[in-house]
Amino acid sequence: MDNQFIFKYSWETLPKKWVKKIEKSEHGNRSDTNTDYPFQLLCFLKLHTYTRFQVLIDLCGVDYPSRKRRFEVVYNLLSTRYNSRIRVQTSADEVTRISPVVSLFPSAGRWEREVWDMFGVSSINHPDLRRILTDYGFEGHPLRKDFPLSGYVEVRYDDPEKRVVSEPIEMTQEFRYFDFASPWEQRNGNEG
């Protein structure tokens, strides 16, 4: 059984309200799903006899600020039985919450926490939704495109107090002049 068969079978079998579109390629298939149905779709792909995508390789988030639903949550699945891969994508915004898949794939718990921590996309009734890569008092979500590069607070070790101190960031920088002329263009102009 190859990618072609799994692609065709999935498209014919899945309810159309679960899937917006399915694309195929030589490396694997891609499925875009409605925000309300990623759990049902992933459950079908994992448990059905002709798909058997039983390994969640990765779960990640992507930020597209120009879109109405600016965040995408991407699930990469592997079927070891049929040597096939599929990527399932769903869109969300700051308010939309996605259904967690930790009950289907136990490894998804950490990745769903990471997506929430880095992008702010939360899961409904997640068993352990707390920060995983940033401090508990951290403000914002650092992988959003609109997050400032310098952040909001500065964390440093204060030697006299013998502890870590968080302070609002203070960035002072002198105005600098930049010479945008290329040194190679100047050299070529003098040679000729």
Side-chain angles (χ1 to χ4, degrees), residues 27-28 30 32-33 35-36 38-39 42 46 53-78 85-187:
H27 304 294
R30 188 184 107 194
D32 290 341
T33 183
T35 309
D36 299 331
F39 182 83
L42 293 172
K46 180 179 182 179
F53 289 98
Q54 296 183 331
V55 179
L56 177 66
I57 299 172
D58 187 26
L59 188 157
C60 61
V62 184
D63 185 10
Y64 298 103
S66 59
R67 293 184 184 174
K68 184 177 179 184
R69 291 181 167 261
R70 69 183 276 186
F71 302 107
E72 255 183 27
V73 179
V74 182
Y75 305 86
N76 293 304
L77 303 170
L78 170 68
R85 295 174 185 263
I86 191 167
R87 183 173 64 223
V88 177
Q89 298 175 199
T90 187
S91 299
D93 54 18
E94 289 91 350
V95 181
T96 307
R97 297 172 60 183
I98 59 170
S99 52
V101 296
V102 69
S103 60
L104 274 177
F105 303 101
S107 64
R110 294 177 86 70
W111 289 325
E112 287 173 341
R113 286 176 59 190
E114 181 179 339
V115 168
W116 176 76
D117 193 10
M118 297 289 109
F119 294 97
V121 179
S122 62
S123 300
I124 303 165
N125 297 328
H126 192 278
D128 187 22
L129 193 62
R130 58 191 163 102
R131 293 202 179 263
I132 191 168
L133 296 175
T134 58
D135 289 335
Y136 292 112
F138 191 84
E139 295 177 22
H141 304 282
L143 287 184
R144 286 187 177 187
K145 299 280 172 90
D146 55 0
F147 190 80
L149 292 176
S150 58
Y152 297 113
V153 294
E154 175 183 34
V155 180
R156 65 177 179 78
Y157 182 76
D158 191 2
D159 207 20
E161 293 185 30
K162 302 284 188 218
R163 66 182 186 98
V164 176
V165 178
S166 296
E167 300 172 336
I169 198 148
E170 295 179 19
M171 292 196 63
T172 56
Q173 186 175 9
E174 294 178 18
F175 183 74
R176 293 187 272 176
Y177 293 100
F178 294 98
D179 183 14
F180 293 107
S182 170
W184 294 278
E185 290 175 6
Q186 290 174 353
R187 183 181 301 172

Hey, does L129 have a side-chain heavy atom less than 4.5 Å from the side chain of E112? no
For N125, does the CG atom sit with more than 12 other heavy atoms under 6.0 Å from it, leaving out its own atoms? no
Residues two or more places apart in sequence or in another chain: which of them pass side chain to side chain donor-acceptor pair (under 3.5 Å) with S166? none
Answer yes or no: does atom CD of E94 have more than 12 heavy-atom neighbours from other residues, nucleotides or ligands under 6.0 Å? yes
Under the criterion side-chain contact (heavy atoms from CB on, under 4.5 Å), I'd like the reasoning laid out for Q89 against Y75: C-alpha separation, chi angles, the key distance, then a yes or no. CA-CA 6 Å; Q89 298 175 199; Y75 305 86; over 6 Å; no
To the nearest 0.5 Å, how far apart are NZ in K145 and OG in S66? 9.0 Å
Heavy-atom pair of closest approach, residues L104 and P106: O-CD, 3.8 Å
Could you go step by step and tell me if K46 and Q54 meet the side-chain contact (heavy atoms from CB on, under 4.5 Å) rule? CA-CA 5 Å; K46 180 179 182 179; Q54 296 183 331; 4.1 Å; yes
Could you tell me whether the side chain of R85 and the main chain of L77 form a donor-acceptor pair under 3.5 Å? no
Locate the shortest heavy-atom distance separating D36 from P38; write the atom from each residue and the value. C-CD, 3.5 Å
Identify each donor-acceptor pair in which a side-chain atom of residues 95-102 lies under 3.5 Å from a protein atom, sequence neighbours left out, and give them as a table.
| unit_1 | atom_1 | unit_2 | atom_2 | d |
| --- | --- | --- | --- | --- |
| T96 | OG1 | D93 | OD1 | 2.5 |
| R97 | NH2 | S123 | O | 3.3 |

As an exercise, state the distance from CG of L143 to CZ of F71, rounded to the nearest 0.5 Å. 10.0 Å
Do side-chain atoms of R70 reach the backbone of D63 as a donor and acceptor pair under 3.5 angstrom? no
Using only atom types and a distance under 3.5 Å, with no angle test, would you say the side chain of D128 pairs donor to acceptor with the backbone of G109? no
Would you please name every residue forming a salt bridge (Lys or Arg N to Asp or Glu O under 4.0 Å) with R163, sequence neighbours left out? E161
Let me see the working for S91 and Y64 under side-chain contact (heavy atoms from CB on, under 4.5 Å), right down to the final yes or no. CA-CA 10 Å; S91 299; Y64 298 103; over 6 Å; no
Apply side-chain contact (heavy atoms from CB on, under 4.5 Å) to residues L56 and W111 and explain how you reach the verdict. CA-CA 10 Å; L56 177 66; W111 289 325; 3.9 Å; yes
Are there over 12 heavy-atom neighbours, none belonging to R110, within less than 6.0 Å of that residue's CZ? no
Return yes if some donor-acceptor pair links the side-chain N/O of D117 with the main-chain N/O of I132 below 3.5 Å, else return no. yes
Quick check for you: to the nearest 0.5 Å, what is the distance between L78 atom CG and I86 atom CD1? 11.5 Å
Is the cationic atom of R131 (NZ for Lys, CZ for Arg) positioned less than 6.0 Å from the six-membered ring centroid of W116 and within 45 degrees of its normal? yes
